[in-house]
Amino acid sequence: MQIQSVACLCFSPTGTTRRIGEKIAQGMGCEQVEIMDCTKRSWRKNGQFDFSKDLIIIATPVYYGRVPEEIVPFLKTLNVQNKPAVIVVVYGNREYDDALLELHDISLARGFIPVACGAFVAEHSYSCPDRPIALARPDPEDDKTAKLFGSRIMDKLRTIRSIENMQKITVPGNFPYKEPENLLKIKEVRNTLSFTPETDLDKCTQCGLCAEVCPAEAIDSEDVSVIDKWQCIICFACIKNCPSGAKQMVDPHFNDAIDRLQIICRQRKEPEIFL
Ligand SMILES: Cc1cc2nc3c(=O)[nH]c(=O)nc-3n(C[C@H](O)[C@H](O)[C@H](O)COP(=O)(O)O)c2cc1C
């Protein structure tokens, strides 16, 4: 099978998933991959998603061991026929649990044919200088693995006559998928606890970048200290992108949970690929 063109469909609030997708595409010999970024709600609503390329990389982060709830309804609207796809999840060095299987299954049900799957590791969205979790990953080693994965996918596809001859890929995971327990707990307590980043008005310059990068469009662009807690998906895009360090999570319960997470995520995990 000849693959001449590749596009990457990604949801990536803090940018690591997008970067892994780009590296895989580079490894496939494609320096200029077309990125179909579906991170923001308005982009999903108004964006033109063109699946005419020969192969699509579908990449999402892992949230609570699953494909992020935010993106699942959009993924379930896609409709293609026998389109080769590389299925990728990116996680913050805890576990990817059932997310890879879930993304594989959703893609298959929408008409994609998974030709390869991978679980990659990146800096955790909740990592910060005081509580580093997989800090600065993907690192050069991860980039190398992602590129090698891309070139191995091309090697594999060269040996296959047509997409109908593709053998099913088996990936780890359970069905029914794991309940996203922490998400359910957060939804339960959100009446009383905001679990939403707050704005230090002494540091904030009202530059508006946080509102621009918020995937859920939960931050008021006229007054960025106003955040709709019912829309916020706690992705930390606003915190990680704030140039003056004005956005912070101050809730002590949330920060205790990050402390515990840091302890269980100490051991470095490596990318896993399935071809
Ligand atoms: C709400 C939320 C839930 C997460 N759940 C997990 C998880 O279950 N396991 C894990 O290892 N990392 C988890 N992470 C970390 C992200 O998967 C990881 O940081 C990923 O690289 C973020 O991708 P992005 O940079 O494209 O936004 C979670 C992050 C967020 C914001």
Side-chain angles (χ1 to χ4, degrees), residues 8-24 35-41 43 57-72 88-103 118-128 131-139 142-143 145-146 172-174 177-187 189-190 194-197 210 213-216 218 229 231-241 247 249 251 253-255 257-258 260-272:
C8 175
L9 178 73
C10 66
F11 173 77
S12 186
T14 58
T16 59
T17 305
R18 178 182 172 132
R19 172 162 158 185
I20 301 272
E22 284 169 345
K23 294 292 170 196
I24 295 169
I35 299 286
M36 296 192 281
D37 193 333
C38 59
T39 302
K40 286 185 69 158
R41 288 181 186 173
W43 296 346
I57 299 170
I58 303 176
T60 74
V62 175
Y63 280 9
Y64 314 104
R66 300 281 301 273
V67 177
E69 180 185 53
E70 173 74 7
I71 196 65
V72 170
V88 178
V89 294
V90 178
Y91 70 108
N93 206 55
R94 186 190 65 75
E95 292 290 346
Y96 59 94
D97 295 311
D98 298 335
L100 187 60
L101 178 64
E102 185 182 13
L103 189 59
F120 286 79
V121 183
E123 175 165 331
H124 201 291
S125 319
Y126 299 157
S127 167
C128 61
R131 302 185 195 85
I133 309 176
L135 186 69
R137 291 186 75 186
D139 58 18
D142 295 311
D143 288 350
T145 308
N174 299 295
Y177 313 122
K178 168 190 187 307
E179 285 286 315
E181 280 162 24
N182 286 342
L183 174 62
L184 299 176
K185 274 188 214 151
I186 289 170
K187 284 184 176 174
V189 299
R190 247 188 168 180
S194 110
F195 280 168
T196 295
C210 55
V213 298
C214 175
K229 72 171 173 182
Q231 298 303 320
C232 170
I233 60 166
I234 329 179
C235 67
F236 276 35
C238 58
I239 295 179
K240 290 221 158 166
N241 281 288
K247 280 274 185 296
M249 177 61 86
D251 186 288
H253 300 89
F254 202 96
N255 287 331
I258 302 180
R260 292 194 294 277
L261 188 65
Q262 196 206 359
I263 294 166
I264 60 168
C265 294
R266 279 216 178 110
Q267 179 96 31
R268 180 184 168 101
K269 299 217 163 92
E270 297 300 340
E272 289 173 51

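One-based numbering, in listed order, for ligands and for the atoms of each.
- For Tyr91, the ring-ring contact (aromatic ring centres under 6.0 Å, His included) partners are Tyr96, not counting sequence neighbours.
- In this structure, Arg266 has no salt bridge (Lys or Arg N to Asp or Glu O under 4.0 Å) partners at least two apart in sequence or on a different chain.
- Using a cut-off of 4.0 Å between Lys/Arg side-chain N and Asp/Glu carboxylate O, Glu181 and Lys185 are scored as not salt-bridged.
- Within 4.0 Å of ligand 1, protein heavy atoms belong to Ser12, Pro13, Thr14, Gly15, Thr16, Thr17, Pro61, Val62, Tyr63, Tyr64, Gly65, Val90, Tyr91, Gly92, Asn93, Arg94, Glu95, Ala122, Glu123, His124, Ser125, Tyr126, Ile234, Cys235, listed by chain and number.
- Using the six-membered ring where Trp is involved, Phe236 and Tyr126 have ring planes that are tilted, between 30° and 60° apart.
- With sequence neighbours excluded, the residues satisfying salt bridge (Lys or Arg N to Asp or Glu O under 4.0 Å) with Glu270 are Arg137, Arg268.
- Looking at heavy atoms from C-beta onward, Cys38 lies in side-chain contact with Ile71 at the 4.5 angstrom threshold.
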